Amino acid sequence: MELENQNEKQLYADVCSLVSNAKSQLAQSANASLTLMYWKIGERINNELLDGERAEYGKQIVVSLARQLTIDFGKSFEEKNLRRMIQFAQVFHDEQIVVSLIRQLSWTHFIALIPIKDELKREFYAVMCQSEGWTVKTLREKIDGMLFERTAISDKPDELIKTELESLRKGEAITPDLVFKSPYFLDFTGLKGMYSERSLEDSLIVSLEHFIMELGNGFSFVERQKRMIIDGEDFYLDLLFYHRKLKRLIAIELKLGKFKAAYKGQMELYLRWLDKNEKQAGEETPLGLILCAEGGKEQIELLQLEKSGIKVAEYLTELPDLKLLKQKLKHELEIKRQLMDNHKNYQDE
């Protein structure tokens with residue numbers, strides 16, 4: 001029998017919503033219980049293996065245990081899955097952290113995180129995944145796209161990274177160092193060879209959804225070619241965004257070549273104007289992002305751009321071989337950390 005009037009239809013919709021929400025909560029609860037069980041199984045086996053004096057003993061006990069558990073409880077406890085549980089407990093050794101993560105992360109999320117050898121990098125992806133609600137597919141894409149190596153925080157001291165991640169884990173405000181990155185992958189524009197700044201800007205607007213996804217969660221598009229009248233002259237900012245979590249306007253300038261020191265003064269002018277004329281009550285001071293085809297590390301360091309609220313990042317419209325890109329990012333990170341260590345040693349003298 002079909003529902004005849006609006007009240008009945010609304011009642012039906014409300015009941016459907018209650019059933020759907022209850023099923024979703026039940027699924028989340030079941031996933032959390034299952035994941036925690038896997039962690040406890042892994043921990044229990046690890047404790048047993050620690051008592052064994054020979055490596056061969058460990059192999060035999062896992063094989064035997066997996067064989068019997070598979071008979072009793074099914075394929076979820078095959079040897080390869082049991083070894084994943086063991087690794088799970090090894091790399092996430094704090095039960096309280098696991099308990100906090102399983103509220104948002106599924107067992108499949110953890111399977112993607114377990115192979116990451118660097119503890120700090122693994123923690124970064126776990127906390128960002130929890131904070132931004134990434135699907136497993138998104139998490140894998142972020143890992144494959146080397147988000148950690150590209151994020152501004154990666155070249156900070158380890159203790160600072162840990163502090164910021166812990167703050168984010170506790171639900172505190174995200175910082176700009178966890179928002180901005182370099183390089184940005186703009187291969188979706190389809191631009192190759194020679195092109196103009198306007199062509200780049202046009203391509204980003206046409207592919208705005210892809211651009212926002214590359215910028216990261218929280219970015220909202222406001223305006224292109226933002227007009228500012230200063231001393232009777234017209235100035236135009238390439239792109240203006242707003243970041244909901246940072247509660248700031250984000251001014252973006254696109255540059256084709258290598259970073260130049262003159263870009264700082266231009267961006268500072270735009271930021272001061274935005275702060276005076278566009279900032280709303282409750283918002284923080286606007287930030288600037290200068291996207292260049294090539295950075296200028298020494299100039300950027302000497303200009304101390306962060307004190308002016310300005311970030312400089314490179315962009316790539318054509319992605320090189322993944323192996324070469326990883327080597328490049330690793331090399332640049334090592335250079336940044338070396339500069340940071342030199343600066344610290346200079347201050348200590």
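Worth saying up front: this structure is predicted, and the values here are computed from it rather than measured.
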What distance do Ile143 atom CD1 and Thr138 atom OG1 have between them, rounded to the nearest 0.5 Å?
11.0 Å
Heavy atoms only: give me the nearest Cys292-Gly257 pair and the separation to one decimal.
CB-O, 3.6 Å
Sidechain N-carboxylate O distance under 4.0 Å for Lys162, Glu123:
no
If two hydrophobic side chains count as joined below 4.5 Å and joins carry through other members, does Leu274 share a cluster with Leu254?
no
Closest approach of Glu95 to Trp39 (non-hydrogen atoms, all atoms of both residues)
CB-CH2, 3.4 Å
At what distance, to the nearest 0.5 angstrom, does CZ of Phe180 lie from CD1 of Ile310?
11.0 Å
Evaluate salt bridge (Lys or Arg N to Asp or Glu O under 4.0 Å) for Glu141 paired with Lys137, printing each intermediate quantity in order.
CA-CA 6 Å; Glu141 288 173 349; Lys137 180 175 181 290; 2.7 Å; yes
Go through the steps for Glu283 and Arg248 under the test salt bridge (Lys or Arg N to Asp or Glu O under 4.0 Å), then give the verdict.
CA-CA 6 Å; Glu283 292 181 359; Arg248 301 173 187 260; over 6 Å; no
May I ask you to decide if Thr163's main-chain N or O and Ser167's side chain share a donor-acceptor pair within less than 3.5 Å?
yes
Would you please test Ile102 and Asn31 for side chain to side chain contact (heavy atoms under 4.5 Å, CB included) and show each step?
CA-CA 8 Å; Ile102 59 177; Asn31 169 72; 5.5 Å; no
Please test Phe124 against Leu178 for side chain to side chain contact (heavy atoms under 4.5 Å, CB included), starting from the C-alpha separation and ending with a verdict.
CA-CA 9 Å; Phe124 167 84; Leu178 285 168; 3.9 Å; yes
Distance (rounded to the nearest 0.5 Å) between Ile86 CD1 and Asn46 CG:
6.0 Å
For the residue pair Phe221 and Leu239, establish whether any side-chain heavy-atom pair is separated by less than 4.5 Å.
yes
Are there over 12 heavy-atom neighbours, none belonging to Met213, within less than 6.0 Å of that residue's CE?
no
Between the side chain of Asn81 and the main-chain N/O of Lys75, is any donor-acceptor distance below 3.5 Å?
yes
Same cluster or not: Ile212 versus Val206, using hydrophobic residues (I, L, V, M, F, W, Y) connected whenever any side-chain heavy atoms lie under 4.5 Å apart?
no
Please check if the side chain of Asp94 supplies one atom and the backbone of Gln96 the other of a donor-acceptor pair under 3.5 Å.
yes
Around atom NZ of Lys226, are there more than 12 heavy atoms of other residues, nucleotides or ligands at under 6.0 Å?
yes
Derivation and outcome, salt bridge (Lys or Arg N to Asp or Glu O under 4.0 Å), residues Glu164 and Lys156
CA-CA 11 Å; Glu164 293 210 11; Lys156 305 296 181 185; over 6 Å; no
Side-chain touch Tyr195/Leu256, heavy atoms, less than 4.5 angstrom:
yes
If hydrophobic clusters are built by linking Ile, Leu, Val, Met, Phe, Trp and Tyr wherever their side-chain heavy atoms come under 4.5 Å apart, do Ile97 and Phe148 end up in the same one?
yes
Would you say Arg272 has more than 12 foreign heavy atoms packed within less than 6.0 Å of its CZ?
yes
Looking at side-chain heavy atoms only, is the closest gap between Phe88 and Glu43 below 4.5 Å?
no
Pi-cation contact, Phe110 with Arg84 (under 6.0 Å, within 45°):
no
Side chain to side chain, Lys260 and Tyr263, heavy atoms closer than 4.5 Å:
yes
I'd like to know whether CD of Glu172 has more than 12 heavy-atom contacts from other residues, nucleotides or ligands below 6.0 angstrom.
yes
On a heavy-atom basis, which atom in Glu149 and which in Lys121 lie closest, and how many Å separate them?
OE2-NZ, 2.8 Å
Which heavy atom of Phe259 sits nearest to which heavy atom of Ile290, and what is that distance?
CE1-CD1, 4.2 Å
Step by step, work out the salt bridge (Lys or Arg N to Asp or Glu O under 4.0 Å) result for Asp177 and Lys311.
CA-CA 9 Å; Asp177 282 338; Lys311 301 281 185 181; 2.7 Å; yes
Glu253 vs Gln266, side chain to side chain contact (heavy atoms under 4.5 Å, CB included): CA-CA, chis, key distance, verdict
CA-CA 9 Å; Glu253 275 290 290; Gln266 180 189 34; 3.7 Å; yes
Note, Tyr125 side chain near Trp134 side chain (heavy atom, < 4.5 Å)
yes
Does atom CZ (Phe73) have a neighbourhood of more than 12 heavy atoms from anything else shown, all under 6.0 Å?
no
With a 4.5 Å heavy-atom cut-off, do Tyr184 and Leu289 have their side chains touching?
yes
Does some side-chain heavy atom of Val179 sit less than 4.5 Å from a side-chain heavy atom of Ile250?
no
Salt bridge Glu79-Arg83, side-chain N to carboxylate O under 4.0 Å:
yes
Search all heavy atoms of Glu314 against all heavy atoms of Leu291 and return the closest pair with its distance.
O-CD2, 4.3 Å
Polar side chain donor-acceptor pair, Lys258 to Gln299, under 3.5 angstrom
no
Report yes or no: does Arg169 contribute a side-chain atom to a donor-acceptor pair with the main-chain N or O of Gln130 at less than 3.5 Å?
no
Do Met85 and Met37 belong together in a cluster built from hydrophobic side chains that touch within less than 4.5 Å?
yes
Which distance, rounded to the nearest 0.5 Å, do you find between the CG of Leu271 and the CG of Leu287?
7.5 Å
Derivation and outcome, side chain to side chain contact (heavy atoms under 4.5 Å, CB included), residues Leu168 and Met128
CA-CA 8 Å; Leu168 189 60; Met128 291 296 288; 3.7 Å; yes
Side-chain H-bond candidate by donor/acceptor type, Ser154 with Thr151, under 3.5 Å:
no
Could you check, using the six-membered ring where one of them is a Trp, whether Tyr38 and Trp107 have ring centers closer than 6.0 angstrom?
yes
Closest non-hydrogen atoms of Leu237 and Ile252, given as atom of the first, atom of the second and distance, are CD1-O, 3.7 Å
Any non-hydrogen side-chain atom of Ile116 less than 4.5 Å from a side-chain atom of Val91?
no
Kindly compute the distance separating CG (Asp155) from CD1 (Ile161), expressed to the nearest 0.5 Å.
8.0 Å
Measure the acute angle between the ring planes of Tyr270 and Phe235, then classify it against the limits of 30° and 60° as parallel, tilted or perpendicular.
perpendicular
Val127 and Val136: same hydrophobic cluster, using ILVMFWY side-chain contacts below 4.5 Å?
no
Rounded to the nearest 0.5 Å, how far does CZ of Phe241 lie from CZ of Arg224?
11.0 Å
